[in-house]
Amino acid sequence: MTSIKFLFCNLNFSLSSILHFFLSSMVLLKIKFPFQKRVRLAQGLWLLSWVAMFSGAITFAIGVFLKTELHRRSEVMHSMDIHIVPNLLMAVGLASVGINICAGKVCQDSLDTSRFPRWKTFLPPFFCFSVFITSLLLVAMILSFALQPSLEESLKIGLKNGIRFYKDTDTPGRCFQKETIDRLQIEFQCCGNTNYRDWFEVQWISSRYLDFTSKEVKDRVRSNVDGRYLLDGVPFSCCNPASPRPCIQYSLLDNSAHYNYEYQTEELNLYNRGCRQALVSYYMGLMNTIGPCVLFDFLLQMTILVSLRYLQTAMEGVIGQENVEIETEGYILEKGVKETLLETKEKVKKLLQFAQVGDASATTPGTQPDEEKPATA
């Protein structure tokens with residue numbers, strides 16, 4: 001037992017030492033680059049940047065497709081929180097195209113030492129912007145799975161309202177609600193929100209198509225507290241065409257109303273699953289397909305940025321040298337992670353102080369108040 005504790009203590013000490021070394025070392029991940037290695041890196045990175053540019057265009061196209069699919073079902077969605085995922089994909093996809101065009105141009109100019117120095121001041125903010133944009137790909141992928149409960153709740157409320165307004169074909173703003181629900185149930189082979197019984201709780205037949213002189217209609221309306229015409233029936237779009245029996249839409253819970261019929265065992269020759277389950281499965285299937293594509297784009301983009309950073313730092317060692325074929329060193333950070341973070345923190349503080357001083361000087365009145373004039377006789 002004592003030896004196990006000693007082993008864990010040594011392991012913990014070793015991990016702490018390694019972490020401290022990487023955080024406080026002067027240069028992070030240093031690599032030597034001979035002339036030929038720099039050339040091959042620039043050429044390979046130029047080709048990879050074009051591949052990443054097309055990958056960014058595909059990411060944009062995926063975002064547009066997902067946005068379109070979500071917009072098609074917007075009438076049965078209560079909130080639009082899930083739209084943040086396609087919006088991010090479209091924005092990051094377009095930004096990735098621009099980033100990789102710039103990266104390709106940097107790679108071209110790195111082959112000529114006379115043209116590379118003009119990128120020296122541009123590249124540090126370019127890297128910060130590129131890392132931020134690329135990180136949004138990871139955020140979009142995480143959100144696509146994290147927002148599943150929100151999507152399900154949005155569809156639950158949206159479908160409930162859609163079923164409730166199914167009959168309002170002559171009401172402005174709801175004229176196409178019936179068509180939307182019918183097409184949805186046929187396309188996704190579903191019925192109701194959770195199941196077919198959701199239609200029993202609403203009046204889905206408009207009053208303009210009911211004969212109120214009929215005793216059956218009067219009895220159904222009077223039997224309901226809210227004065228609604230409720231029945232154990234569903235719209236035609238719930239019928240499953242694969243069923244061998246002709247569709248039974250009405251009196252679904254009355255075995256005596258139909259010959260050789262038992263609603264407890266026959267599955268009612270209707271679609272079994274609710275539309276909420278069908279839509280969630282459909283959209284999460286899209287997310288599961290999109291996720292690996294976005295992850296590949298993220299890894300590709302990060303590979304390009306890391307390689308471009310090595311190329312930049314290796315080329316900076318050539319600037320001002322007579323012999324451009326000398327061996328240089330490339331690295332990710334000039335200082336350790338800890339020192340870099342502290343230095344960045346100090347720079348941000350100075351910028352904020354400078355901004356505050358500028359605001360204070362701008363609000364200071366330019367002229368002093370006039371002194372009291374002496375009284376004249």
Of all heavy-atom pairs between Leu308 and Ala103, which one has the smallest distance, and what is that distance?
-> CD2-CB, 4.0 Å
His258 side-chain N/O to Ser251 backbone N/O, donor-acceptor pair under 3.5 Å | yes
What about Ile133 and Val131, same hydrophobic cluster or not, with Ile/Leu/Val/Met/Phe/Trp/Tyr joined at side-chain heavy-atom distances under 4.5 Å?
-> yes
Nearest heavy-atom contact between Gly317 and Ile326 is O-CD1, 4.0 Å
Taking Gln249 for its side chain and Val234 for its backbone only, find out whether a donor-acceptor pair lies under 3.5 Å.
-> yes
Could you label the plane-to-plane angle of the Tyr196 and Phe200 rings as parallel, tilted or perpendicular, counting under 30° as parallel and over 60° as perpendicular?
-> perpendicular
For Ser130 and Ile99, work out which heavy atoms get closest and say how close.
-> OG-CG2, 3.6 Å
Honestly curious: do Leu47 and Leu299 fall in one hydrophobic cluster under the side-chain, below-4.5 Å linking rule?
-> no
So, the side chain of Ser243 versus the backbone of Asn240: is there a donor-acceptor pair under 3.5 Å, distance only?
-> no
Enter the distance from Leu138:CG to Leu295:CG here, rounded to the nearest 0.5 Å.
-> 7.5 Å
Hey, is the main chain of Gly93 close enough, under 3.5 Å, to the side chain of Thr59 for a donor-acceptor pair?
-> no
Who are the side chain to side chain donor-acceptor pair (under 3.5 Å) partners of Arg118, not counting sequence neighbours?
-> Asp109
Ile205 and Lys167: side chain to side chain contact (heavy atoms under 4.5 Å, CB included), yes or no, with the steps?
-> CA-CA 5 Å; Ile205 300 177; Lys167 68 180 187 303; 6.0 Å; no
Value rounded to 0.5 Å, distance of OG in Ser214 from CG in Asp219 | 8.0 Å
Are any of the side-chain heavy atoms of Gln189 and Ile186 separated by less than 4.5 Å?
-> no
Examine Arg38 relative to Phe33 and say whether NZ or CZ is less than 6.0 Å from the centre of the six-membered ring and inside a 45° cone about the ring axis.
-> no
Salt bridge Arg183-Glu179, side-chain N to carboxylate O under 4.0 Å | yes
If you draw a 6.0 Å radius around NE2 in His78, do more than 12 non-hydrogen atoms from other residues or ligands fall strictly inside?
-> no
Check: Asn100/Ser49 side-chain N/O donor and acceptor closer than 3.5 Å | no
Side chains of Lys37 and Pro34: does their closest heavy-atom pair fall under 4.5 Å?
-> yes
Would you tell me whether Cys275 and Cys191 have their SG atoms within less than 2.5 Å of each other?
-> no
Short question: side chain of Ser74, backbone of Leu70 - any donor-acceptor pair under 3.5 Å?
-> no
Between Val85 and Phe145, is any pair of side-chain heavy atoms under 4.5 Å apart?
-> no
Would you kindly say whether Tyr261 and Asp254 are connected by a side-chain donor-acceptor distance under 3.5 Å?
-> no
Got Asn195 and Arg273 here, is their nearest side-chain heavy-atom distance under 4.5 Å?
-> no
Strictly under 6.0 Å, is that where the ring centroids of Phe188 and Tyr282 end up?
-> yes
Non-hydrogen side-chain atoms of Phe65 and Leu286 separated by less than 4.5 Å = yes
Rounded to the nearest 0.5 angstrom, the CG-CD distance for Asp168 and Gln203 is 9.5 Å
What distance do Cys239 atom SG and Arg245 atom CZ have between them, rounded to the nearest 0.5 Å?
-> 12.0 Å
For Ser154 and Ser150, indicate whether the former's side chain and the latter's backbone hold a donor-acceptor pair under 3.5 Å.
-> no
Please determine, by modelled atom types, if Thr134 and Gln301 share a side-chain donor-acceptor pair under 3.5 angstrom.
-> no
Checking side chain to side chain contact (heavy atoms under 4.5 Å, CB included) for the pair Val106/Phe116: CA distance, chi angles, key distance, verdict?
-> CA-CA 7 Å; Val106 172; Phe116 183 78; 4.1 Å; yes
Decide yes or no for Leu89 and Lys67: does some side-chain heavy atom of the first lie under 4.5 Å from some side-chain heavy atom of the second?
-> no
Are Val97 and Leu137 connected in a single hydrophobic cluster, I mean Ile/Leu/Val/Met/Phe/Trp/Tyr linked by side-chain heavy atoms less than 4.5 Å apart?
-> no
Audit row: Tyr166, Gln177, side chain to side chain contact (heavy atoms under 4.5 Å, CB included) steps and yes/no = CA-CA 6 Å; Tyr166 180 86; Gln177 195 71 53; 5.6 Å; no
Please confirm whether the backbone N or O of Cys238 pairs with a side-chain atom of Trp199, one donor and one acceptor, at under 3.5 Å?
-> no
Indicate, with yes or no, if Val51 and Leu41 share a hydrophobic cluster defined by side-chain heavy-atom contacts under 4.5 Å among Ile, Leu, Val, Met, Phe, Trp and Tyr.
-> yes
Using a cut-off of 6.0 Å, state whether more than 12 heavy atoms not belonging to Ile84 lie near its atom CD1.
-> no
Shortest non-hydrogen pair, Arg228 vs Glu201, comes out as NH1-O, 3.2 Å
Give the cluster check for Leu300 versus Phe54: same hydrophobic cluster or not, with ILVMFWY residues linked at side-chain heavy-atom distances below 4.5 Å.
-> no
Side chains of Val76 and Ile181: closer than 4.5 Å at any heavy-atom pair?
-> yes
Enumerate the residue pairs fulfilling ring-ring contact (aromatic ring centres under 6.0 Å, His included) with a member in residues 209-250, sequence neighbours excluded, ordered by first and then second residue.
-> none
Under 6.0 Å from the CZ atom of Phe296, do we count more than 12 heavy atoms belonging to anything else shown?
-> no
Do side-chain atoms of Ser144 reach the backbone of Met287 as a donor and acceptor pair under 3.5 angstrom?
-> no
Between Glu187 and Arg72, is the closest basic N to carboxylate O distance under 4.0 Å?
-> yes
Glu153 and Ile157: side chain to side chain contact (heavy atoms under 4.5 Å, CB included), yes or no, with the steps?
-> CA-CA 6 Å; Glu153 184 64 23; Ile157 299 174; 3.7 Å; yes
Going from CG on Leu151 to CZ on Arg73, what distance comes out if it is rounded to the nearest 0.5 angstrom?
-> 12.5 Å
Looking only at heavy atoms, what is the nearest atom pair of Arg220 and Leu230, with distance?
-> NH1-O, 3.0 Å
Check Leu48 against Ile304 and note the closest heavy-atom contact, atom names and distance.
-> O-CD1, 3.5 Å
Measure centre to centre between the rings of Phe126 and Trp119, then say whether the value is under 6.0 Å.
-> no
Under 3.5 Å, is there a donor-acceptor pair linking the side chains of Arg276 and Asn193?
-> yes
Can a salt bridge be assigned to the pair Glu316 and Lys120 using a cut-off of 4.0 Å between side-chain N and carboxylate O?
-> no
Would you say the side-chain atoms of Glu329 pair up with the backbone N or O of Lys30, donor to acceptor, closer than 3.5 Å?
-> no
Assess the side chains of Gln43 and Arg40: does a donor N or O sit below 3.5 Å from an acceptor N or O?
-> no
Is the side chain of Thr313 donor-acceptor paired with the backbone N or O of Tyr331 at a distance under 3.5 Å, no angle test?
-> yes
Within-4.5 Å side-chain heavy-atom neighbours: Leu111 and Trp46 | no
Rounded distance (nearest 0.5 Å) linking atom CD of Gln312 with atom CG of Leu305 = 11.5 Å
